[in-house]
Amino acid sequence: MKLLRANSRFRLLWIVNLVSSMVGWSLGIALAVHIFLFTESALLTSVLAATGTVAGIAFGAVAGAVADRFDRLRIVRSALLARAALLVGLFGVAESVPGLIAVVFLQATVQQFYGPAEQVLIASYVPGRDLPEANGLNSLASNATRLVAPALGGFVIAWAGFRWTVLGMSVLMAVSFLLSVLLPRDGGGRDPDGGADEPAGHGFRTIMRTNARARGLVLLQLLDAVKEGPLSALFPVLMLGVIGASSGEMGLANSSFAVTAIIAGPIVGLTIRRLGYRLPVVLGAAIANALIVVLVLWPSTPMALITFCLSGLPFTISWVGTQTWLLLSVPDSVRGRVVGTSGAVYSAVLLTTMLGAGALADIIGVRWVLGVTAAVSVIGLFAVDKLVRTPSETPVPR
């Protein structure tokens, strides 16, 4: 928490992210509830949930290039303003399914441009040595709102209705935009202790070809998508159909992840300073993925609660460490493209594994699909570990 007190620029950006994250989590639940009650269609509810993934595939790489070529602070401000305007637009299309899906798609598209710009802006506000702590605190904000906001969104929509919920979320997003106006420009300067040297012919493909460490970190993200896609698609089936849990127990198990993920946020920086990047990143992912294998082998409601509660901490340390190490392992001029393009590939793998898991589950069973994909994500970490140890043609900081 020292960083929040000492760095006023990062503190203000952290508050902006906290408010916008609160809106995102609350709105996600409110939209899912509204469209299901309005249409009574599981298919349309699923289509709405997949819309953000499609936007990531379509615009992730473009958004990264935009973050590298244009003023990142201006992108962040424009995205927040656009999201506030689109929330107001939801007020007018509340009873139109195509309208709802269109606005949600536009929201997700805007968020694709916001993400890389915001991550690179943090890296310009914070010295490289403090970047793990900064990203950990950002994770704390996201997981804290994940713990509170979905329940808030569900309560508010039940009490006030969809339109008033949207109006309230619009006001909060407008507040986030107004706070962003107070953010100073990053000046475009490079951090002397963060970021690799500039390679010739730089670009995402060049980075992936010449930088083994960056290639390993992107592979780690894709292995997570191999596990996360089936888990997201089949989690209700596992809990309700296989285990026989109630919907309340299913929600409790899902929320339990955030309990330890919140704890992880503030200690990411300390963990990386003590152990370096490799061990927390690789071992954290291995523990989190292996816990899913354990759940599949011994499925029960208590085991689900234990699995998700325990996995929150190692997963968060690993994921935040991966994102930070990746930023520090590539030149500043391509950070946006690396973040955006890797995000687009992640979304493509996630969507593929979600759809594939649904089809395979009817053939070989839910437990086999979840168990095999989680096991693959664990075994693949041996390749990740080898890559992050391999010297690269592109120099990277230790």
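- Between the side chain of N211 and the backbone N or O of S329, at least one donor-acceptor pair lies under 3.5 Å.
- Considering all non-hydrogen atoms of both residues, S347 and G56 come closest at OG-CA, 3.8 Å.
- The main-chain N or O of V120 is never found under 3.5 Å from a side-chain atom of R72 such that the two would form a donor-acceptor pair.
- Taking CG of L182 as the reference point, atom CZ of R77 lies at 8.0 Å (rounded to 0.5 Å).
- Note: L370 CG to L231 CG = 6.0 Å, rounded to the nearest 0.5 Å.
- Checking side-chain atoms of R367 against main-chain N and O of V296 turns up a donor-acceptor pair under 3.5 Å.
- Taking OG from S170 and CH2 from W164, the interatomic distance works out to 11.5 Å, rounded to the nearest 0.5 Å.
- Checked by atom type and distance alone, the side chain of W298 never pairs as donor or acceptor with a backbone atom of M303 at under 3.5 Å.
- Taking the side chain as every heavy atom from C-beta outward, Y346 and E228 approach each other to under 4.5 Å.
- Using a 4.5 Å heavy-atom cutoff, the side chains of T373 and T353 are not in contact.
- Taking the side chain as every heavy atom from C-beta outward, L350 and M354 approach each other to under 4.5 Å.
- What you find for P314 and I287 is that their closest heavy atoms are CG-CG2, 3.8 Å.
- Counting only distance, with no hydrogens or angles, the side chain of S377 and the backbone of A374 share a donor-acceptor pair below 3.5 Å.
- L137 and L12 end up in the same hydrophobic cluster when Ile, Leu, Val, Met, Phe, Trp and Tyr side chains are linked at under 4.5 Å.
- Contact record, A84 with M173: N-CG, 3.5 Å, taken as the closest heavy-atom pair.
- The residue from Q119, E118, Q323 that alone fulfils the side-chain hydrogen bond (donor to acceptor under 3.5 Å, both in side chains) condition with N138 is E118.
- For L220 against A285, the heavy-atom pair with the smallest separation is CD1-CB, 4.4 Å.
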Derivation and outcome, side chain to side chain contact (heavy atoms under 4.5 Å, CB included), residues F308 and T260: CA-CA 9 Å; F308 284 94; T260 53; over 6 Å; no
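- Between the side chain of S318 and the main chain of F315, no donor-acceptor pair closer than 3.5 Å is present.
- Nearest heavy-atom pair across Q112 and A55 is CG-O, 3.7 Å.
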Please test I207 against V334 for side chain to side chain contact (heavy atoms under 4.5 Å, CB included), starting from the C-alpha separation and ending with a verdict. CA-CA 9 Å; I207 293 294; V334 295; 4.2 Å; yes
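- Atom OG1 of T271 is separated from atom CG of L313 by 7.5 Å, given to the nearest 0.5 angstrom.
- Between F10 and I122 the shortest side-chain heavy-atom distance falls below 4.5 Å.
- Without hydrogens or angle criteria, S20 side chain to S176 main chain gives no donor-acceptor distance under 3.5 Å.
- Note: D224 CG to N289 CG = 6.5 Å, rounded to the nearest 0.5 Å.
- Classification of D385 and R278 as a salt-bridged pair holds, one side-chain N sitting under 4.0 Å from a carboxylate O.
- Checking side-chain atoms of D68 against main-chain N and O of R337 turns up a donor-acceptor pair under 3.5 Å.
- One hydrophobic cluster, built from ILVMFWY side chains closer than 4.5 Å, cannot hold both F113 and L81; they sit in different ones.
- Atom CD1 of I317 is separated from atom CD1 of I272 by 8.0 Å, given to the nearest 0.5 angstrom.
- Checked by atom type and distance alone, the side chain of S78 never pairs as donor or acceptor with a backbone atom of I75 at under 3.5 Å.
- Taking hydrophobic clusters as Ile, Leu, Val, Met, Phe, Trp and Tyr residues chained together by side-chain heavy-atom distances below 4.5 Å, V293 shares a cluster with V366.
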Going through the checks in order, is the side chain to side chain contact (heavy atoms under 4.5 Å, CB included) test met by L326 and Q221? CA-CA 11 Å; L326 184 58; Q221 294 177 338; 4.1 Å; yes
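- Looking at Y125 and L73, their side chains come closer than 4.5 Å, going by heavy atoms from C-beta outward.
- Distance alone, capped at 3.5 Å, is enough to place a donor-acceptor pair between the R335 side chain and the L327 backbone.
- At least one side-chain heavy atom of I15 sits under 4.5 Å from a side-chain heavy atom of L179.
- In summary, of the residues considered (L238, L355, V369), a side-chain contact (heavy atoms from CB on, under 4.5 Å) with P230 occurs for V369 alone.
- Each of V338 and V66 belongs to its own hydrophobic cluster when Ile, Leu, Val, Met, Phe, Trp and Tyr are linked at side-chain heavy-atom distances under 4.5 angstrom.
- V226 has its side chain within reach of V349: a pair of non-hydrogen atoms, C-beta onward, lies under 4.5 Å apart.
- For S256 against L305, the heavy-atom pair with the smallest separation is OG-O, 3.6 Å.
- Under the 30°/60° scheme for interplanar angles, the aromatic rings of W325 and Y277 are found to lie parallel.
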Hey, mind stepping through V166 and R163 against side chain to side chain contact (heavy atoms under 4.5 Å, CB included) and telling me if it holds? CA-CA 5 Å; V166 166; R163 282 193 168 94; 5.7 Å; no
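- A continuous path of hydrophobic side-chain contacts links L387 to M208 [ILVMFWY only; heavy atoms under 4.5 Å].
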Between W319 and F257, does the ring pair (Phe, Tyr, Trp, His ring centres under 6.0 Å) criterion hold? Intermediate values first, please. CA-CA 14 Å; W319 188 258; F257 175 92; over 10 Å; no
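- Side chains of Q107 and L87 form a contact here, defined as non-hydrogen atoms less than 4.5 Å apart.
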